[in-house]
Number of protein chains: 2
Amino acid sequence: VVNWFRRQTQRVVVPRLHSRDEAFAGVSRVELAELTPDLLPYLAQAAYLQLTVFELLSEVVTDAPTVGAKEAISRVAGYSLDKQHKLVAELQRIKGTDAGDAMQPYAARIDAYRAGTRGATWAEALTSAYVTAGLLDDFYRRVAVGLPADASRRVLEIYDAEDGESILVDQLRSAIEADPKLASPLALWGRRLVGDTLLIARSALALPTDGHSEEERLEPVFTELIAAHTRRMDALGLTA
Amino acid sequence: VVNWFRRQTQRVVVPRLHSRDEAFAGVSRVELAELTPDLLPYLAQAAYLQLTVFELLSEVVTDAPTVGAKEAISRVAGYSLDKQHKLVAELQRIKGTDAGDAMQPYAARIDAYRAGTRGATWAEALTSAYVTAGLLDDFYRRVAVGLPADASRRVLEIYDAEDGESILVDQLRSAIEADPKLASPLALWGRRLVGDTLLIARSALALPTDGHSEEERLEPVFTELIAAHTRRMDALGLTA
């Protein structure tokens, strides 16, 4: 029986980016900047999404099967919270901005996204934390190119800080090794996560309602995001 | 009708300590040192309890009724996690110690304590985070006097760091102001929390099984802890 959900010897051939900057190369970098929202909605959505990533990670800490796993994942929750607080600090640099008020308009939609991507098991929640944080970081890093130069530089520094991704990979690989039956449902779960996450990402952009040409502009960006997602699933030995 | 759960004009007269050091003054400081466990069990229990405080705070973040409350309480969760990571770093200074393995023996008892002190509502969970973290910090600070001098100094620094307590007080006062009917159940809930928390604290000490004289030694310490707890409830306008 060929288990197409799990790859251990064969791996997908995906062009690997040698640095994050290369991800911005070419056409998509320039054109995406035109879809970048204003600084306030950019930061408000990024910060609220980051808060939900933290909340998800903290649930994964609480439900972890061993104290060692709790301890390890709590590091990732800490990185996530640091990032969120830095995004909020950027939000508060904008005069007269209350962070809570700024995030509030996006709360209902993002809460619904979070409820749909929480997962039914610990392994699913851990996969969500890994996959959605990776996709969202990639997306917000790319969109940041269209922000005012100073803010753009600071936001990229925030997204380039240590995020503990390798800790999540280690935990997920251990979970799958301990119970290989997890591979198939987690591979499917990963697909669901991409769909939902790209939708919430898309909704953050400054898209005109009749924007057919914008859809074309977005396509190469989403292709890049999905390629990065494929590498992330590949690191787990799972198909994307 | 006299609402004895809530005090707004009359306040309990409790001697206020002018600094944390004064709490160590007198007989109890010397005698408690004899009940201080070895460094490894001290740190392992303190770190695991701190992890559960963080988990509780992160649930309070997730369930917060407004984005502003989420954002504010996430700061406290961050302080709590920093403290936990510093306690784990101390644990890892002890040669050959794996933090997860060191904490594991205490997990079942502390998890049961946590399940019993979680609370049924957001306001109860928020009260728990405030009351139990306050009591546990006070307790572990006092017990630290019996640790080896270097470790004792570093541990006291960890416990003296910013903990965001005033943020929790603000949130709780707002919640009670918005819904005064909360005062009575929260005052009762506070009593339950003291009982459970002093029991879990007591179980961390190096008590001989037939320790009648140790009970006497503990009494002034618990009296101090309860006095500090009374001041904490008083800050909410609630009876302790």
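Within every chain, numbering begins at 1; the chains are lettered A, B, ... in the order of the sequence lines, protein sequences first and strands thereafter. FYI, side chains are in, hydrogens and waters are out, and symmetry mates aren't considered; it's all heavy atoms of this structure. Treat the numbers as computed from the prediction; the structure is a model and nothing was measured.
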Undergrad: Write down the atom of A:L81, the atom of B:S74, and the distance for their closest heavy-atom approach.
TA: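 Result for this residue pair: CD2-O, 3.4 Å.
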
Undergrad: Measuring heavy-atom distances to chain B, does A:A77 have an atom under 4.5 Å in its side chain, in its backbone, in both, or in neither?
TA: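 Both the backbone and the side chain of A:A77 come within 4.5 Å of chain B.
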
Undergrad: Determine whether B:E59 and A:E59 satisfy the following criterion, side chain to side chain contact (heavy atoms under 4.5 Å, CB included), listing intermediate values before the conclusion.
TA: CA-CA 8 Å; B:E59 282 178 42; A:E59 283 179 41; over 6 Å; no

Undergrad: Take B:D101 and A:V67 through the test side chain to side chain contact (heavy atoms under 4.5 Å, CB included) and record every step on the way to the result.
TA: CA-CA 7 Å; B:D101 291 347; A:V67 175; over 6 Å; no

Undergrad: Between B:S58 and A:E55, is the side chain to side chain contact (heavy atoms under 4.5 Å, CB included) condition met? List the steps.
TA: CA-CA 7 Å; B:S58 62; A:E55 290 173 16; over 6 Å; no

Undergrad: Rounded to the nearest 0.5 Å, what separation is found between the NZ atom of B:K70 and the CD atom of A:Q104?
TA: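 So the NZ of B:K70 and the CD of A:Q104 are separated by 10.0 Å.
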
Undergrad: Is it the side chain or the backbone of B:A69 that comes within 4.5 Å of chain A heavy atoms, both, or neither?
TA: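 Contact with chain A involves no heavy atom of B:A69 at all.
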
Undergrad: Using heavy-atom distances under 4.5 Å, tell me whether B:R75 contacts chain A through its side chain, its backbone, both, or neither.
TA: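 When you check distances to chain A, atoms from both the backbone and side chain of B:R75 fall under 4.5 Å.
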
Undergrad: Hey, could you give me the CG/OG1 distance between B:L56 and A:T62, rounded to the nearest 0.5 Å?
TA: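 Separation between the atoms: 9.0 Å.
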
